Amino acid sequence: MDNHWITTPVTADLLRGALDVERTEYGVLPHRLPAWARAQCADPQLAMAEAQPSGVRLVFRTRATAVELDTLPTKRVYVGAPPRPDGMYDLIVDGRPAGQGSVSGGNTVTIDMSIGTAERHSGPPGTLRFTGLPDTVKDVEIWLPHNETTELAALRTDAPIEAAADAGRRVWLHHGSSISHGSDAVGPTTTWPALAASLGGVELINLGLGGSALLDPFTARTIRDTPADLISVKIGINLVNTDLMRLRAFTPAVHGFLDTIREGHPTTPLLVVSPILCPIHEDTPGPSAPDFSNLRVGRLRFVALGDPAERAHGKLTLGVIRDELARIVEQRGAEDPNLHHLDGRALYGEADFAELPLPDELHPDAATHRRIGERFAELAFDAHGVFTDRSG
C-alpha cells in the first residue's frame, strides 16, 4: 500500500440509515434493526433482510480524489436460477451521481427454495475503488448494496476525511416489504424509497424488510424509538404472501402497530400505504409459492395457492386489506389529524401493470421502481402532499 493513503475506522458517525452497528471479526456490520429487536425473532428471512443495508450509506466530507473501501459481502445463490449480479455501490458527490462499483468474492448463501435449505460458504473480502474525484472539499456518499449483506473493514482516502455536517433535511422513516427494500432495483439509490427521498429532499431511513413487513411489535417499537420527522408504513403484501393471519387478527394488529408508533411520534405526519397492484393476490389469498417450472429457462415466477372462496372465512387478499386499511385510517383520523392514507394503486395500478408487468408476478423491476418513486414523491412531497414542508 502506498504511504499516501489515510485509513479511517468505519464508525457509526460515518453511517446514515443504519440503526445499529455490530462489531464482527472482519469489521463492522450495519443493521437496520437494533440488537434487542433482532433478539425477539429467530426468522432467518428477517435476519437476512435487516442486515442487507438498503438505504445505508457512508457519508463524509473530504478533498480526497481517491477512495477505497474494503468489504466482505454476503451474496445469495438460488439453486436452478441464473447467477445474481454483484451488489452495486453508488457514489454520490455533492448530491450528484458520480460513479458505481461492485465487489466480487465474499461469502455466499446457496438457497434451494424447492426444499427450503440454505448453505453458507465463506469467501474472500474485496475492495471497492473510486478514483478521479475532484480535488475540492466535497460531501461524499457511498450507498451500500441494498440487497447484499456488507461488512465494512477499512476506509482509505488520499486526503483526510471528517463526518459530514447535518444538512438540516427532514428525516423520513419508511417501513414496508421487499418492494420497499428494493427488490429488483438496479442499485441502492434507485430503489423507489431512495428515489422518492432524493426528489423530496429528505434523509431516508429505509425499514423495507424483504418478506418481513408483518406487523411485528418489535418493528413498531423500533419506529417508535427512532427520531423521524415523517413516517410511512406500507402494509399488506407480506401478510398475504405468508398467509400469516386472518381479518380478525389483522385489524387489531394494525391498530396496535399504529398505537405503538404514536407513543413515540404523537403528532408526526404518518402515512399508511396499502399494497400496489399485484394481480395474483388481488382476490386470491396466500400463501405465495415459487413456480419452479420456468427455472429451466432462467425465470422464476410466483403463484397464489389460496382459494378466493376462503375470503368468507377471513383469509386476507390485497383487496380485503386495502378496504380495511382505508376504514381504519378514516376511523382513527377523527382524533388523529396527522394520520393519512394512500391507496397503493395510485403508485402502481392496472394501467401500469399493462405497461410494466411484474416480471415474477410479485416484484417490480427497475423501471417500475422509478415510476413508483416518482409517483410517491409527487403525491407525498409536492405542494399539496401530506409530507410537504410547511415550516417556511
Side-chain angles (χ1 to χ4, degrees), residues 8-23 27-35 37 49-62 64 67 69 71 87-101 128 130 137-155 157 161-176 180-182 185 187-209 222-223 225-232 265 268 373 377 381 387:
T8 302
V10 177
T11 53
D13 65 323
L14 297 179
L15 286 166
R16 294 186 185 170
L19 299 187
D20 192 17
V21 179
E22 176 189 359
R23 291 269 170 199
V28 297
L29 175 63
H31 287 279
R32 293 185 297 130
L33 287 177
E50 71 82 27
Q52 293 173 345
S54 183
V56 178
R57 58 269 187 204
L58 279 164
V59 182
F60 51 90
R61 190 162 177 81
T62 185
V67 178
L69 181 65
T71 77
M88 192 65 66
Y89 299 72
D90 285 349
L91 176 69
I92 305 293
V93 174
D94 286 337
R96 295 182 293 274
Q100 288 186 316
L128 174 76
F130 292 114
V137 177
K138 53 195 169 293
D139 288 329
V140 175
E141 302 175 32
I142 301 176
W143 286 63
L144 306 181
H146 64 285
N147 57 359
E148 190 173 272
T149 303
T150 305
E151 296 180 60
L152 308 172
L155 173 64
T157 51
I161 73 170
E162 60 184 25
D166 184 348
R169 291 190 289 263
R170 296 176 300 160
V171 174
W172 169 39
L173 189 158
H174 175 72
H175 168 58
S180 298
H181 188 139
T189 61
T190 57
T191 68
W192 81 255
L195 286 165
S198 177
L199 293 169
V202 296
E203 290 282 341
L204 174 66
I205 299 175
N206 189 356
L207 292 187
L209 301 170
T222 297
I223 297 171
D225 297 341
T226 302
D229 302 294
L230 311 162
I231 298 172
S232 54
H265 301 277
T268 301
F381 292 111
F387 287 167

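Quick caveat: nothing in here was measured; it's all calculated off a predicted structure. The residues of the chain are indexed from 1 along the displayed sequence.
Note that CD of Glu203 is 12.0 Å distant from CZ of Arg170, once rounded to the nearest 0.5 Å. Considering OG1 of Thr189 and CG of Leu204, their distance stands at 11.5 Å, rounded to 0.5 Å. Rounded to the nearest 0.5 Å, atoms OH (Tyr89) and NE2 (His146) are 13.0 Å apart. To the nearest 0.5 angstrom, Glu50 atom CD is 8.5 Å from Thr149 atom OG1. Rounded to the nearest 0.5 Å, atoms CD (Gln52) and OG1 (Thr150) are 8.5 Å apart. Atom NE2 of residue His174 and atom CD1 of residue Ile205 lie 12.5 Å apart, to the nearest 0.5 angstrom.
Pairing each heavy atom of Pro30 with each of Leu15, the nearest pair is CG-CD1, 4.4 Å. The shortest heavy-atom contact between Gly187 and Asp90 is C-OD2, 4.0 Å. The two residues Val59 and Ala164 come nearest to each other via the heavy atoms CG1-CB, 3.7 Å. When every heavy atom of Ala185 is checked against every heavy atom of Thr190, the shortest pair comes out as CB-O, 3.6 Å. The two atoms that bring Ile92 and Pro97 nearest to each other are CD1-CA, 3.7 Å, heavy atoms only. Minimum heavy-atom separation, Leu29 to Ala51: CD1-O, 4.5 Å.
Side-chain atoms of Phe130 and Val93, non-hydrogen and from C-beta on, never get closer than 4.5 Å to each other. Looking only at side-chain heavy atoms (C-beta outward), Leu152 and Leu144 come within less than 4.5 Å of each other. Using a 4.5 Å heavy-atom cutoff, the side chains of Arg23 and Val28 are in contact. At least one side-chain heavy atom of Ile161 sits less than 4.5 Å from a side-chain heavy atom of Leu155.
Arg16 places no side-chain N or O within 3.5 Å of a backbone atom of Leu14 that could act as its donor or acceptor partner. Under a 3.5 Å cut-off, the side chain of Asp94 and the backbone N or O of Asp139 do form a donor-acceptor pair. Panel note: side chain Asn147, backbone Gly87; no donor-acceptor pair is recorded below 3.5 Å. A donor-acceptor pair is defined here as one N or O able to donate and one able to accept, closer than 3.5 Å; no such pair exists between the side chain of Asp20 and the backbone of His31. Not one N or O on the side chain of Arg169 forms a donor-acceptor pair closer than 3.5 Å with the backbone of Gly200.
Using cut-offs of 30° and 60° for the angle between ring planes, the Trp192 and Trp172 rings count as tilted.
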Task: Stepwise side-chain contact (heavy atoms from CB on, under 4.5 Å) check, Phe381 with Leu230 - done: CA-CA 11 Å; Phe381 292 111; Leu230 311 162; 3.9 Å; yes
TODO: Begin from the C-alpha positions of Val202 and Asp229 and carry the test side-chain contact (heavy atoms from CB on, under 4.5 Å) through to its verdict.
DONE: CA-CA 9 Å; Val202 296; Asp229 302 294; over 6 Å; no
TODO: Check the pair His175, Leu209 against side-chain contact (heavy atoms from CB on, under 4.5 Å), reporting the backbone distance first and the verdict last.
DONE: CA-CA 7 Å; His175 168 58; Leu209 301 170; 4.2 Å; yes
- [ ] Please assess Leu19 against Leu207 for the test side-chain contact (heavy atoms from CB on, under 4.5 Å), listing each intermediate value before the final yes or no.
- [x] CA-CA 10 Å; Leu19 299 187; Leu207 292 187; 4.1 Å; yes
